[in-house]
Amino acid sequence: MERGRAMEEACEAFIRLIEAGEYYEAHEALEAVWYPRRFEDDDEMRLVKGFINASVAFELIRRGRPAPAAKTWRVYLKYRPLMEGLSSPHLPYYRRVEAALDERYERLFGA
């Protein structure tokens, strides 16, 4: 599968799984495209890593571990600003991921 289409499909799956409360599976969906590229010096891959961290934070909340969840969420927040300078054809997908994460964060963390 073409790399670009793989990222789009992974983002769609990630959003669907986050909305369904399947946080570990959401992590797996994005990790499949991030993992082979994890050593690249690339802000886009760092942003995807941040999305993965956000889903891990949600899974930690589910498991009753709020302190590690908050710490992991802060890792996501560290990477989130990378979206602003990103020039990527996937940016609309990343914005949708961001919106899904924000909505779920409010539900889980009560922000």
Side-chain angles (χ1 to χ4, degrees):
M1 177 186 310
E2 171 190 335
R3 181 188 278 186
R5 188 68 199 134
M7 181 61 80
E8 293 167 5
E9 289 179 5
C11 286
E12 292 286 350
F14 183 84
I15 292 166
R16 188 173 55 256
L17 291 162
I18 289 292
E19 289 173 347
E22 297 178 26
Y23 311 122
Y24 182 83
E25 291 79 5
H27 155 276
E28 291 292 310
L30 275 185
E31 192 167 86
V33 293
W34 168 80
Y35 189 80
R37 300 181 59 195
R38 69 191 180 283
F39 296 121
E40 293 179 19
D41 184 18
D42 181 76
D43 281 347
E44 189 164 5
M45 287 302 99
R46 283 186 275 276
L47 178 63
V48 171
K49 179 181 177 180
F51 294 154
I52 292 168
N53 274 277
S55 65
V56 170
F58 298 160
E59 182 64 25
L60 287 167
I61 282 290
R62 177 204 309 278
R63 295 180 183 196
R65 301 180 61 205
K71 182 177 180 179
T72 306
W73 181 258
R74 286 191 299 272
V75 173
Y76 160 62
L77 293 179
K78 176 179 82 171
Y79 292 113
R80 185 175 174 157
L82 294 173
M83 200 173 337
E84 296 312 316
L86 201 60
S87 175
S88 169
H90 309 302
L91 196 54
Y93 289 90
Y94 299 152
R95 293 277 182 218
R96 290 180 52 221
V97 166
E98 177 185 45
L101 291 173
D102 286 347
E103 181 197 340
R104 187 56 49 154
Y105 178 86
E106 290 177 17
R107 283 183 176 182
L108 293 175
F109 287 82

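At a threshold of 4.0 Å, the pair Glu44-Arg37 does not count as salt-bridged, since none of the basic side-chain nitrogens sits closer than that to a carboxylate oxygen. Look at Glu103 and Arg107 and you find a salt bridge, because one of the NZ, NE, NH1 or NH2 atoms lies within 4.0 Å of a carboxylate O, short of that distance. Between Glu19 and Arg16 there is no salt bridge, since no side-chain nitrogen of the basic residue lies less than 4.0 Å from a carboxylate oxygen of the acidic one.
Remark: the Tyr94 side chain and the Glu98 side chain contain no N/O donor-acceptor pair separated by less than 3.5 Å. A donor-acceptor contact closer than 3.5 angstrom links the side chains of Tyr23 and Arg104.
Heavy-atom minimum distance, Ala32 versus Pro36: O-CD, 3.4 Å. Leu47 approaches Leu82 most closely through the heavy-atom pair N-CD1, 4.1 Å. Here the shortest heavy-atom pairing between Pro66 and Ile61 reads CA-CD1, 4.0 Å. Ile18 approaches Ala100 most closely through the heavy-atom pair CG2-O, 4.1 Å. Shortest non-hydrogen contact noted between Ala29 and Phe14 is CB-N, 4.3 Å. Nearest heavy atom pair, residue Trp34 against residue Met45, reads CD1-O, 3.4 Å.
We find the CD-OG distance between Glu31 and Ser55 to be 9.0 Å, quoted to the nearest 0.5 Å. Within the model, atoms CG of Leu17 and CD of Glu25 stand 6.5 Å from one another, a figure rounded to the nearest 0.5 Å. Separation of atoms CG (Leu60) and CG (Leu108) is listed at 11.0 Å; rounding is to 0.5 Å. Atoms CZ and SG, on Arg96 and Cys11 in that order, are 8.5 Å from each other to the nearest 0.5 Å.
In this structure, Met7 and Tyr93 have side chains that are not in contact, with every pair of non-hydrogen atoms separated by 4.5 Å or more. Residues Asp41 and Arg46 are in side-chain contact: their nearest non-hydrogen atoms beyond the backbone lie under 4.5 Å apart.
Although no hydrogens or angles enter the test, the distance criterion places a donor-acceptor pair under 3.5 Å between the side chain of Arg38 and the main chain of Tyr35.
Residues Leu91 and Leu30 are members of one and the same hydrophobic cluster, defined by side-chain heavy-atom contacts under 4.5 angstrom among Ile, Leu, Val, Met, Phe, Trp and Tyr.
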Practice prompt. Go through Asp102 and Arg80 one step at a time and tell me if the salt bridge (charged side-chain N to carboxylate O under 4.0 Å, His left out) criterion holds.
Written response: CA-CA 11 Å; Asp102 286 347; Arg80 185 175 174 157; 2.7 Å; yes
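When the options Tyr105, Tyr76, Trp73 are evaluated for a ring pair (Phe, Tyr, Trp, His ring centres under 6.0 Å) with Phe58, the one that passes is Trp73.
Around the CZ atom of Arg63, the shell of radius 6.0 Å holds no more than 12 heavy atoms that belong to other residues, nucleotides or ligands. Atom CZ of Arg95 is surrounded by more than 12 heavy atoms from other residues, nucleotides or ligands within 6.0 Å.
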